[in-house]
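Inspection log for the structure reproduced underneath, given as structure tokens.
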Amino acid sequence: MIVFWFLLIALVVVVAAVTLAVIGAGTEAVLPEAEPDRVADALPESRPVVQADIDGLRLPLAPRGYRMAEVDDVLDRLAAELAERDARIAELTAAAAPQAARPAAAPEPADGIDLGKDER
């Protein structure tokens, strides 16, 4: 009989605690709004990514996420490839600049056709 009264009192206490918790919460959300997962130093969207952007990029840490060493390896490779690409573009641009500055040579006339040149 003592066990019955103990269980009855425990049940009443639990129901009262749950009722107070529900009423006390009111209109507030049980869980706070989650902050969006964003990189603190995002890559620029208004210009092409350069090596310095990758070097300065730091991804947020999470308890369950990517292995930091693997992410660092991928970022190092991406930075190296971007630097190589930028160097190649600069090389091609420098090689094309002198060609663009030169005046276009007149086409050679075909055999037997006079293009109005004076022969003296």
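If you read the sequence from its start, that first residue is 1, and numbering goes on from there. A quick note: this is a predicted structure, and the numbers were derived from the prediction, not measured.
More than 12 heavy atoms of other shown residues, nucleotides or ligands fall within 6.0 angstrom of atom CZ in Arg85.
Between the side chain of Asp86 and the backbone N or O of Ala83, no donor-acceptor pair lies under 3.5 Å.
By the criterion of side-chain heavy atoms lying less than 4.5 angstrom apart, applied directly or through intervening Ile, Leu, Val, Met, Phe, Trp or Tyr residues, Met1 is not grouped with Phe6; the two fall into different hydrophobic clusters.
The residues Glu84 and Arg88 are annotated as not salt-bridged, no charged nitrogen and carboxylate oxygen being separated by less than 4.0 angstrom.
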Exercise. Would Val50 and Asp53 satisfy side chain to side chain contact (heavy atoms under 4.5 Å, CB included), going step by step from the backbone distance to the final call?
Worked result: CA-CA 5 Å; Val50 295; Asp53 296 327; 3.4 Å; yes

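With rounding to the nearest 0.5 angstrom, the CD1 atom of Ile89 is 9.5 Å from the CG atom of Leu82.
The minimum heavy-atom distance between Val15 and Thr19, with the atom names listed, is O-OG1, 2.7 Å.
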